[in-house]
Amino acid sequence: MRVDVVLGLQWGDEGKGKVVDVLAHSYEVVARFQGGPNAGHTLYWQGKKIVLHQIPAGIFHPHVTCLVGDGCVIDPGILKRELLAISELGLGWEGRFFLGRNAHLILPTHKVLDKLSGGHIGTTQRGIGPAYADRYARRGIPIFWLHRSDFESQVRHLAAMHAIPPAEVASWEDFWEGVEFLRKVPQVETPRWLSGHSQVLAEGSQGSLLDIFWGTYPYVTSSHTTIAGVVAGLGVAPQKIRRVYGVLKAYTTRVGEGPFPTEIRGLLARWMQERGGEWGSTTGRLRRCGWLDLPTLQKTVYLNGVTDLILTKADVLCGIPELKVRIGGEDENPSYLSMTPWENLDSEAFYAYIRLIEKSLGVPLYAYSTGPEREAWRLFSDAEAAKNIS
Ligand code: GDP
């Protein structure tokens with residue numbers, strides 16, 4: 001078995017869903033290793049825009065088997081709807097969709113707790129943080145309990161501990177229907193199950209700067225979005241990990257509160273928001289925008305042992321009147337390099353940008369994405385070769 005990893009190097013929304021969709025064809029298994037239905041991977045399949053919250057983006061390849069790994073937390077109602085939507089697209093998932101048995105459940109009361117306590121962090125209020133908190137408090141509900149005879153009483157017991165007035169919990173029916181549905185989805189003992197497959201792609205959600213340990217605490221998510229999450233969330237030994245694809249957007253965005261050293265405001269920020277469609281796929285919130293931040297990326301590249309870079313959304317910057325990159329300085333006082341903006345992705349100016357990124361991060365660029373569609377993708381070596389010939 002070999003495991004390759006796709007993870008985000010910034011604050012999420014780097015375009016990992018599209019990257020996984022493109023890479024998935026050469027893997028047997030695509031496995032999500034952390035997170036819950038807060039992440040929204042947006043991708044395009046046969047011209048349709050699809051947002052996945054829990055199902056790995058590999059699902060659109062009929063030969064690929066997908067796993068929601070043990071490091072994840074699952075909202076049964078949302079997962080049920082997502083699987084039914086996949087069926088409606090005519091894509092069968094039976095026999096190629098599995099759940100890691102140690103993943104935990106999100107209860108309706110977790111969502112209320114999130115609303116009550118997550119506001120200052122800017123969470124998506126999907127109950128994810130409280131579900132992880134219960135997991136670590138050793139009172140959560142792992143999904144292998146779905147098949148225990150005392151499952152219902154365990155759920156009611158935990159919900160009672162949350163002490164939420166019943167009128168504030170809107171969705172028990174949705175929960176129980178989702179539970180009924182999930183009982184039919186096969187669960188696996190992930191480490192053993194994965195060892196029976198040769199090519200595994202681990203799919204991260206959110207970005208490294210939102211990691212619970214290594215992110216910009218407390219404005220972080222509740223799980224390990226870094227490489228540590230692969231080891232913990234899928235039960236994979238580190239030696240099995242080969243390539244680590246670090247996905248970075250050509251500029252930086254951040255949803256919600258928290259530090260953002262290269263943030264910009266005004267016209268250029270609006271350019272990025274409008275051309276890049278920078279609003280959240282889960283919440284619809286407008287994303288804050290700023291320049292690429294190389295010193296911060298150096299840290300996340302190091303932390304994850306990134307072997308290959310994948311650049312996304314450089315097309316969004318085509319024609320931008322001004323272009324800068326942070327190359328140093330303190331977070332409070334960053335220093336920038338002004339770069340020549342590019343009109344198209346064949347221009348020298350874009351190549352200069354890539355060279356600067358590669359040199360600064362000390363890792364080669366594997367590929368870059370040139371648009372949201374699956375076909376909008378170039379291997380960097382091919383692009384270089386074509387350029388040399390022309
Ligand atoms: P993820 O959570 O990392 O998968 O990122 P999101 O799905 O939240 O956001 C990425 C958005 O950018 C999606 O709407 C993608 O369709 C889109 N996208 C991905 N790659 C590119 C690209 O290279 N260019 C453009 N213009 N859009 C892209």
Side-chain angles (χ1 to χ4, degrees), residues 32 34-42 50-56 68-88 93 97 99-137 139-185 187 205-206 221-223 255-256 280-285:
R32 271 278 300 271
Q34 47 69 234
N38 49 348
H41 290 320
T42 311
I50 295 152
V51 182
L52 295 174
H53 297 288
Q54 298 193 130
I55 299 177
V68 175
D70 305 60
C72 298
V73 290
I74 295 172
D75 181 316
I78 294 181
L79 185 54
K80 176 188 168 186
R81 280 189 288 284
E82 224 168 279
L83 284 168
L84 291 177
I86 296 289
S87 303
E88 267 169 38
W93 50 266
F97 180 78
L99 302 172
R101 64 195 296 276
N102 302 306
H104 274 229
L105 284 179
I106 300 170
L107 270 49
T109 42
H110 285 137
K111 294 186 217 178
V112 183
L113 289 175
D114 207 0
K115 285 198 184 94
L116 295 175
S117 66
H120 67 295
I121 308 287
T123 77
T124 52
Q125 308 194 344
R126 297 283 171 105
I128 293 154
Y132 275 111
D134 276 343
R135 181 176 192 155
Y136 286 100
R139 60 182 206 179
I141 313 282
I143 62 156
F144 70 87
W145 286 7
L146 282 171
H147 301 293
R148 274 171 51 155
S149 57
D150 64 346
F151 173 75
E152 194 174 327
S153 67
Q154 292 287 351
V155 169
R156 297 212 185 277
H157 180 65
L158 178 59
M161 281 198 267
H162 294 151
I164 308 285
E168 290 187 34
V169 186
S171 47
W172 276 112
E173 201 181 323
D174 189 58
F175 176 83
W176 291 116
E177 281 173 16
V179 158
E180 230 15 74
F181 188 86
L182 286 200
R183 286 203 169 106
K184 289 176 245 150
V185 177
Q187 297 181 10
S205 55
Q206 294 103 15
T221 195
S222 336
S223 58
V255 183
S281 43
T282 300
T283 59
R285 285 182 291 182

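Because the structure is predicted, anything quoted here is derived from the model rather than measured. Just so you know, residue 1 is the first one in the sequence shown, and it goes up from there.
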Where is the tightest heavy-atom contact between R135 and N102, given as atom of each residue plus distance?
-> NH2-O, 3.0 Å
Heavy-atom pair of closest approach, residues L158 and G140 |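 Closest approach of L158 to G140, heavy atoms only: CD2-CA, 4.2 Å.
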Only one of I106, L84, L182 forms a side-chain contact (heavy atoms from CB on, under 4.5 Å) with L79, so which one is it?
->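 It is L182; the other options fail the test.
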Sequence-distant partners of S171, side-chain hydrogen bond (donor to acceptor under 3.5 Å, both in side chains), two or more places apart = none
Would H110 and D134 count as having a side-chain donor-acceptor pair, cut-off 3.5 Å?
-> yes
Relative to the ring of Y136, is the ring of Y132 parallel (under 30°), tilted (30 to 60°) or perpendicular (over 60°)?
-> parallel
Which word best sums up how the rings of W176 and W172 line up, parallel for under 30°, tilted for 30 to 60°, or perpendicular for over 60°?
-> parallel
Got a salt bridge between K80 and D174, using NZ or NE/NH1/NH2 to carboxylate O under 4.0 Å?
-> no
Gap separating the NZ atom of K184 from the CG atom of L146, nearest 0.5 angstrom |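 K184 NZ to L146 CG: 12.0 Å, rounded to 0.5 Å.
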CG/L99 to CD1/I143 distance, rounded to the nearest 0.5 angstrom?
->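 Nearest 0.5 Å value for the CG-CD1 distance: 4.0 Å.
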Non-neighbouring partners of D75 that pass salt bridge (charged side-chain N to carboxylate O under 4.0 Å, His left out), sequence neighbours left out |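 Result, salt bridge (charged side-chain N to carboxylate O under 4.0 Å, His left out) vs D75: K111.
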Could you name each residue pair satisfying salt bridge (Lys or Arg N to Asp or Glu O under 4.0 Å) that touches residues 159-173, not counting sequence neighbours?
->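 Listed once each, the pairs would be none.
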